[in-house]
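Shown next, in structure tokens, is the structure this report addresses.
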There are 2 protein chains.
Amino acid sequence: MSDALTRPTIDDIARASGVSKGTVSRVINGHSTVAERTRVRVQEVIARLDYTPDPAARNLSWRTGQTLGLSLDRDDPMLSPYQVLFRRALEAHTAPLGVQLLDLRADLTRLARLPSAVLVMHAVEGDPRLSFLQQQGVPAVLIGHHPESFWVAPDDEGGAHLATLQLLEAGHRHLAYLGVGPSQVAHDRQRGFERAARTVGASTQLLAADFTVLSGYRAVRRAWEAGVRFTGLFAQSDESAIGAVAALEDLGLNIPGDVSVVGFDGLPELPLPYSLTTVSQDIPRIASTALTLVGEAISGQRPRGEFIPVQLISGATVASAPGGSP
Amino acid sequence: MSDALTRPTIDDIARASGVSKGTVSRVINGHSTVAERTRVRVQEVIARLDYTPDPAARNLSWRTGQTLGLSLDRDDPMLSPYQVLFRRALEAHTAPLGVQLLDLRADLTRLARLPSAVLVMHAVEGDPRLSFLQQQGVPAVLIGHHPESFWVAPDDEGGAHLATLQLLEAGHRHLAYLGVGPSQVAHDRQRGFERAARTVGASTQLLAADFTVLSGYRAVRRAWEAGVRFTGLFAQSDESAIGAVAALEDLGLNIPGDVSVVGFDGLPELPLPYSLTTVSQDIPRIASTALTLVGEAISGQRPRGEFIPVQLISGATVASAPGGSP
DNA sequence: AATGGTCTTGTAACCGATTACAAAAAACTT
DNA sequence: AAGTTTTTTGTAATCGGTTACAAGACCATT
């Protein structure tokens, strides 16, 4: 018998819906041998009592636990804060399900045991990881826009467009994009930047950088010292934005008085004395969507993808352009 | 019956040692009501068959899983690579035990459920986390040297001494320490540096910095531009060493031709074109020692601490001092 | 030798699920 | 309407442990 203090068990569900444990179990696991009427009735009870199967009990029956692999694109330990947050968000969902998160090296061949499914970050065209997983029959979900697969991605181009508009609306006409690089993400964000800048004919400078603080710092400092000028900067990541801000400060410039800066990612608690204007990604939602897709992939449904909307967060690093008319 | 393909179960142990499941279970869980003779016999069998209890089955019996909290000293998501590696090393051990790792915020008060034990990183004198845990009766193990508690720590001072000796042996007599700051770790490493430098009367410069790349970059660049000179630099972390190298390069200096650099931590796969000379911490061993101590703390043994030795890794960032006699 | 108290061990129920198998119900046949 | 097949459901064993309780072994008293 279940009281208010203990979670309901499969027996509670069985009793409440007038069927046996076995039938409830079949409903839970989607076995086809259940009559439609009873299936619906049982599922209503499950929803009403807010029942979730005990992972320990399932693992015991199954004689093995479920695992979800997480395949990053690089092996180095300098995990970005974004990746750390993403992993945390995932874990928040998988832990209650008893699903173990596995950090996979970029090279997936010869794994001790294959995971039940894999989340592949930043897959590229013809990525060897994808063909390997397909060949092994392991369901995969990609983080990042990709055709013919299950995928989730933030709206990179839209977000970049949004960020750039913010600078344009503040009257800036001399813009710079920090983050030119080979990755898909860098591409999409650059495209959004250029599309926005083009609409009003603003001048654009393109600075090469990856996602790291140091790379942002060096690119901005070097460019500025070489005579490159701009009053509005859009950085492809919050980290490189931090580097940019530091570089500009070291050059004696005032933020946002002399240069306005917008970042991307929406990381909380940055090491900055003031708040960064940025495009916030809904990391928890990306993670939970990824898990939904994992479920669909496992049950063999048709591949689909989803863009997760982003949101502009106004901080203290954007001000009106010097002498500009907003 | 257990064959070679399946892990042994408690029944196999019981059969092989001629006792009942119950007795084996009592041995495993250290219940005192087992005769010394049988306890030894059972444990021999357990060791011989390499038996580990199935976590799912235990969790099912206990009606709750075991959790290990990990309390970092800050809440921001910019987890350092060191912390990422440490967490991974921990997970490699806890996962097979079915122990869930919990990321705790720096503020431990009002947790939904208290973890079975907590690993506290970088506790300071009179840390509120410690008193809270003690009051709640949650066993704690500290990462970092600390009296009157369970603790593990790398040999920070010894490692710093080692690193500095490396510079001295290469003939450097104008040294700098990068990393002056308020943390215990920064203190210990600085002390090791100064102790070594003092033995030969080398000149020492002290540069303030935390553990990050950017902070290393800015400190070194600013100092050098202010006229501070040195030919050998010891950085308290690999990350700040990377920043230092970048700064020196941007200043037109050659590494290690003009300045030799030694880091600390021994991170693998750094974003550097050449290998960094560094003091490597044995992170896996720190992690496994921490878990051993957790076990001791839970079973109420007397608090003890352990220093884990470090090791110098020779890379390509140390060369003989210009004109120096090694 | 019978009594009583400690220690130590075995027995069996239980944790919360899954699933093979059998039984019951429903749907067709002829 | 009786017999067959198919669909749906219940029953009971099972996964690998823990633990309350009972029973057995051992020892010291009287």
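Below, chains carry the letters A, B, ... as their sequence lines are ordered, and counting in each starts from 1.
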Chain A contact limits on DNA chain C, taken 5' to 3' with a cut-off of 4.0 angstrom to heavy atoms: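 Listing 5' to 3', DNA chain C meets chain A from C:dG16 to C:dA20.
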Could you check A:Thr23 against B:Gly18 and say which one's nearest nucleotide on DNA chain C is further toward the 5' end?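 Counting from the 5' end, the first nearest nucleotide belongs to B:Gly18.
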Whichever of B:Trp62 and B:Arg41 has its nearest DNA chain C nucleotide further upstream toward 5':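 The answer here is B:Arg41.
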Is it the case that the side chains of A:Gln43 and A:Arg39 hold a donor-acceptor pair, with the cut-off being a distance below 3.5 Å and no angle test?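 Result is yes, a qualifying pair exists.
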Does [X] reach the main-chain N or O of [Y] with its side chain, forming a donor-acceptor pair under 3.5 Å?
X       : Y       : value
B:Thr23 : B:Val19 : no
B:Arg26 : B:Ser32 : no
B:Asn59 : B:Ala56 : no

More than 12 heavy atoms from other groups under 6.0 Å of CD on A:Gln136: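 For A:Gln136, atom CD is crowded (more than 12 foreign heavy atoms under 6.0 Å).
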Can you confirm whether more than 12 heavy atoms, excluding those of A:Gln301, are under 6.0 Å from its CD atom?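 Yes - once you tally the heavy atoms of other residues, nucleotides and ligands closer than 6.0 Å, there are more than 12.
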B:Leu293 versus B:Val152: any side-chain heavy-atom pair under 4.5 Å?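 The answer is yes, as the side chains (C-beta and beyond) meet within the 4.5 Å cut-off.
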Kindly determine whether A:Ser71 and A:Arg129 satisfy side-chain hydrogen bond (donor to acceptor under 3.5 Å, both in side chains), including the steps that lead there. CA-CA 9 Å; A:Ser71 165; A:Arg129 297 177 290 172; 2.9 Å; yes
How would you label the contact of [X] with the nucleic acid (heavy atoms, under 4.0 Å): base, sugar-phosphate, or nothing?
X       : result
B:Val24 : nothing
A:Thr64 : nothing
B:Asp11 : nothing

Span of DNA chain D, from the first to the last nucleotide whose atoms fall under 4.0 Å of chain A heavy atoms: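 Footprint of chain A along DNA chain D, 5' to 3': D:dT8 to D:dG16.
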Nearest nucleotide by nearest heavy atom, which residue falls closer to the 5' end of DNA chain D, B:His31 or B:Leu60?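 The answer here is B:Leu60.
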